[in-house]
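Here's the structure we're looking at; comments come further down.
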Amino acid sequence: PVVEQDMGGFWGFIHTLLDPNLAFIFFWLGLALIVLELIVPGHIFSGTIGTILFVLALFSFGVLPVRIIGIALLVLSVVAFVLELKAPGLGIWGAVGTVALLLGGWFLYDRAGGAEVSPGVLLAVAGFVVLFFGFVVAKALRIRRMPPAQGPGAVVGRTGVVVGAGVDERGGIVRVQAEEWRAVAPAGLIHGGGAIRVTGLDGLVLTVEPLVEEHAGAGDGPPGEGRES
């Protein structure tokens with residue numbers, strides 16, 4: 001009699017990994033996520049998932065009839081997309097990466113061994129990759145290259161107030177953007193409570209000058225001064 005026996009959850013999962021389409025997706029996506037972790041550091045999400053997918057793909061490649069030319073073309077496609085991100089221009093490297101991805105998927109397996117990447121899966125992955133690297137990764141790199149909105153580099157040009165007795169060329173304390181800084185005032189003493197503007201930054205010491213209100217009228221001074229006909 002014929003008795004059917006379920007292979008179980010673990011061996012069922014292993015059998016699923018041997019699907020040529022899944023192995024192709026895991027290999028390219030895992031490699032791309034690892035590279036993404038290297039060019040946009042600061043998080044472990046992409047690097048961890050990419051490593052897991054890459055290892056699973058290598059496990060599948062150990063059983064499937066893989067061709068070296070296919071793997072080389074897939075690696076070339078990742079390198080081309082990275083070059084496109086590093087030196088954006090006419091999109092030449094992006095086109096090279098897309099073509100290498102399509103050819104790599106097409107020549108990845110020896111069809112005589114009964115394995116191949118479905119054309120539909122290949123086109124879907126290529127479309128996803130173009131969108132992902134063209135918009136998501138490019139946007140992440142642009143954000144990373146933007147000047148910091150906070151921190152020492154953003155304090156120059158800001159206004160604040162003198163804290164304590166005052167600040168002069170020997171030093172003092174000022175408050176700028178709700179933070180207290182050591183500061184010097186080369187122009188002379190600025191009394192406590194006086195408004196200041198930051199003109200420079202040397203390490204963690206600010207250079208400040210007294211802030212003159214532009215809207216102050218000419219008649220704000222003592223009688224007889226600053227008033228002309």
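Bear in mind the structure is a predicted one, so any value in this text is a computation, not a measurement.
If you take CD1 on Ile92 and CG on Leu83, they are separated by 12.0 Å, rounding to the nearest 0.5 Å. In this structure, CG on Leu73 lies 11.5 Å from CD1 on Ile68, to the nearest 0.5 angstrom. A distance of 14.0 Å separates CG of Leu206 from CZ of Arg197, quoted to the nearest 0.5 Å.
Within the structure, the salt bridge (Lys or Arg N to Asp or Glu O under 4.0 Å) test picks out the following pairs touching residues 177-195 (sequence neighbours left out): Arg175-Glu180. Sorted by first and then second residue, the ring-ring contact (aromatic ring centres under 6.0 Å, His included) pairs involving residues 187-207 (not counting sequence neighbours) form an empty list. Under the side-chain hydrogen bond (donor to acceptor under 3.5 Å, both in side chains) criterion, the residue pairs touching residues 104-113 are Arg111-Glu116, with sequence neighbours excluded.
For the pair Ile71/Leu108, a side-chain contact is recorded, criterion being any heavy-atom separation below 4.5 Å from C-beta on. Taking 4.5 Å as the limit, some side-chain heavy atom of Leu31 sits within range of a side-chain heavy atom of Val75. Contact check for Ile196 versus Val162: side-chain heavy atoms found under the 4.5 Å cut-off. Val176 places none of its side-chain heavy atoms less than 4.5 Å from the side chain of Thr159. With contacts defined as side-chain heavy-atom distances shorter than 4.5 Å, the pair Asp168/Ile190 does not qualify. Considering only heavy atoms from C-beta on, Phe26 stays 4.5 Å or farther from Ser60 through its side chain.
Cluster membership check: Val78 shares its hydrophobic cluster with Ile52, using side-chain heavy-atom separations under 4.5 Å among Ile, Leu, Val, Met, Phe, Trp and Tyr. Taken together through direct or relayed side-chain contacts under 4.5 Å among Ile, Leu, Val, Met, Phe, Trp and Tyr, Ile173 and Val167 form parts of separate hydrophobic clusters. Under the 4.5 Å side-chain contact rule for hydrophobic residues, Trp28 and Leu58 share a cluster. No path of Ile, Leu, Val, Met, Phe, Trp and Tyr side chains, each step under 4.5 Å between heavy atoms, connects Val174 with Leu189, placing them in separate hydrophobic clusters.
Remark: Phe61 pairs with Phe27 by the ring-ring contact (aromatic ring centres under 6.0 Å, His included) rule, at least two apart or across chains. Leu33 pairs by the side-chain contact (heavy atoms from CB on, under 4.5 Å) definition with Leu29, Leu36, Ser46, Ile49, Leu53, not counting sequence neighbours. Phe81 pairs by the ring-ring contact (aromatic ring centres under 6.0 Å, His included) definition with Phe133, not counting sequence neighbours.
With Thr207 as the partner, the side chain to side chain contact (heavy atoms under 4.5 Å, CB included) test is satisfied by one option alone out of Leu201, Val198, Thr199: Thr199.
Val161 shares a hydrophobic cluster with no other residue; no ILVMFWY side chain has heavy atoms under 4.5 Å from its own. Side-chain contacts under 4.5 Å among hydrophobic residues (ILVMFWY), followed directly or transitively, place Val205 together with Val184.
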Identify all side-chain donor-acceptor contacts of residues 120-132 below 3.5 Å with residues at least two apart in sequence or on another chain.
none

Begin with the C-alpha distance, continue with both residues' side-chain angles, and end with the deciding distance and a verdict on side-chain contact (heavy atoms from CB on, under 4.5 Å) for Trp181 and Val208. CA-CA 11 Å; Trp181 297 75; Val208 300; over 6 Å; no
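When all heavy atoms of Ala23 and Ala57 are compared, the pair lying nearest together is O-CB, 3.7 Å.
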